[in-house]
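What you see is a predicted model, and the numbers here were worked out from it, not measured in a lab. In this chain, residues are counted from 1 in sequence order.
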Amino acid sequence: MSSRRGNPFLQPQYTDKLKLSHTFKYKLTTSLSYSYITDSFARITEPIPDGRNFLISQDVADQEIYNLSVGSPFKITEQLNGYASAYFTHDEYNSTDSSFISIDQTTYGGYAQLNYAFPSTSLRAGATSGWTAEISGWYSGPTV
């Protein structure tokens, strides 16, 4: 088995990250972040002379990640509440190995949930029974 880079040992993967977050009136949270990852590794299939393949982990790139995310809880009625969030991420993989191609990729997605608190049989206004129902879902755009 031969290593493409000549170094069969993984180097430590380090991440430097800067993140700014802001919450507006305890409702809308916005975050902007930048990450730089050195020696990002991937699982690589290496051919073996007898026609089989061998799966190895190998350092392949340095990576830059830019991210913007927004999320907010909301109230529809006294019993019905929810939360929604969305994100946009741009990844740049800068190959450190001539066998791999550097790529840029933008991904996006979102998450939402609704919670319903069943009313109590009590005569107290706004009382709930302690039973709740929740529905949630997420969407992720195309990615490699």
Side-chain angles (χ1 to χ4, degrees), residues 1 3-5 7-48 51-144:
M1 176 179 71
S3 173
R4 296 179 193 208
R5 287 184 72 185
N7 183 357
F9 302 106
L10 284 176
Q11 297 300 308
Q13 179 175 300
Y14 291 104
T15 303
D16 294 312
K17 184 173 185 172
L18 175 65
K19 182 175 182 179
L20 302 171
S21 293
H22 179 262
T23 302
F24 179 72
K25 294 189 177 185
Y26 301 101
K27 288 281 183 187
L28 180 68
T29 300
T30 307
S31 296
L32 181 63
S33 68
Y34 169 79
S35 300
Y36 185 80
I37 302 170
T38 56
D39 293 315
S40 181
F41 65 90
R43 304 279 290 181
I44 307 299
T45 303
E46 281 281 338
I48 300 174
R52 294 183 297 159
N53 292 312
F54 188 74
L55 191 60
I56 62 169
S57 294
Q58 183 174 325
D59 298 316
V60 295
D62 290 337
Q63 186 178 1
E64 290 183 82
I65 305 168
Y66 305 87
N67 178 269
L68 171 65
S69 61
V70 178
S72 181
F74 56 89
K75 183 178 233 174
I76 297 173
T77 67
E78 195 63 38
Q79 282 88 23
L80 186 60
N81 297 291
Y83 176 81
S85 65
Y87 67 88
F88 298 91
T89 301
H90 181 75
D91 290 303
E92 295 178 8
Y93 296 89
N94 304 308
S95 178
T96 56
D97 184 324
S98 61
S99 302
F100 297 95
I101 299 171
S102 296
I103 61 169
D104 292 351
Q105 178 179 21
T106 300
T107 58
Y108 52 89
Y111 171 80
Q113 76 178 47
L114 288 172
N115 298 300
Y116 181 78
F118 290 96
S120 172
T121 55
S122 163
L123 297 176
R124 286 186 317 161
T128 61
S129 65
W131 288 89
T132 60
E134 176 179 302
I135 187 168
S136 64
W138 73 92
Y139 173 80
S140 181
T143 186
V144 173

Original post:
Rounded to the nearest 0.5 Å, how far does CG of D91 lie from OH of Y66?
Top reply: 10.5 Å
Original post:
N53 versus T45: any side-chain heavy-atom pair under 4.5 Å?
Top reply: yes
**OP:** Evaluate the side-chain proximity of Q11 to F41: yes if any heavy-atom separation is below 4.5 Å, no if none is.
**Re:** no
Original post:
Does the side chain of L20 come within less than 4.5 Å of H22's, by heavy atoms?
Top reply: no
Original post:
So, Q63 and Y93: side-chain donor and acceptor under 3.5 Å apart, yes or no?
Top reply: yes
Original post:
Can you tell me if CD1 on I101 sees more than 12 non-hydrogen neighbours from other groups inside 6.0 Å?
Top reply: no
Original post:
Can you tell me how far the CD1 atom of I44 sits from the CG atom of L55, to the nearest 0.5 Å?
Top reply: 8.5 Å
**OP:** Measure the shortest side-chain to side-chain distance between W138 and S85 over non-hydrogen atoms and say whether it is less than 4.5 angstrom.
**Re:** no
Original post:
Is the shortest heavy-atom distance from the side chain of T15 to the side chain of I65 under 4.5 Å?
Top reply: no
Subject >> Minimal non-hydrogen separation, G110 against Y87, with atom names >> reply: N-CE2, 3.9 Å
Subject >> From CA spacing to verdict: side-chain hydrogen bond (donor to acceptor under 3.5 Å, both in side chains), D62, T38 >> reply: CA-CA 5 Å; D62 290 337; T38 56; 5.3 Å; no
Original post:
Would you call Y14 and Y36 a side-chain contact if the rule is heavy atoms closer than 4.5 Å?
Top reply: no
**OP:** Can you see which heavy atom on K27 is nearest to which on P73, and at what distance?
**Re:** O-CD, 3.0 Å
**OP:** Taking the side chain as every heavy atom from C-beta outward, state whether V70 and S72 have any pair of such atoms under 4.5 Å apart.
**Re:** no
Original post:
Going by atom types alone, do S95 and S102 pair a side-chain donor with an acceptor below 3.5 Å?
Top reply: no
**OP:** Only counting residues at least two apart or in another chain, list the ones meeting ring pair (Phe, Tyr, Trp, His ring centres under 6.0 Å) with Y83.
**Re:** none
Original post:
side chain to side chain contact (heavy atoms under 4.5 Å, CB included) between L32 and L18: does it pass, once the steps are laid out?
Top reply: CA-CA 8 Å; L32 181 63; L18 175 65; over 6 Å; no
Subject >> Where K17 and S35 come nearest, the two heavy atoms and their spacing >> reply: CG-OG, 3.4 Å
Original post:
Is the count of non-hydrogen atoms from other residues, nucleotides or ligands lying under 6.0 Å from Y139 atom OH greater than 12?
Top reply: yes
**OP:** Starting at OG1 of T89, measure out to OH of Y108 and round the result to the nearest 0.5 Å.
**Re:** 12.5 Å
**OP:** To the nearest 0.5 angstrom, please state how far the CD atom of E92 sits from the CG atom of D104.
**Re:** 4.5 Å
Original post:
Rounded to the nearest 0.5 Å, how far apart are CD1 of I37 and CD of Q13?
Top reply: 5.5 Å
Subject >> Reported OG1-to-NE2 distance for the pair T107 and H90, which is rounded to 0.5 angstrom >> reply: 10.0 Å
Original post:
Taking the side chain as C-beta and beyond, is there a heavy-atom pair between L114 and F74 under 4.5 Å?
Top reply: yes
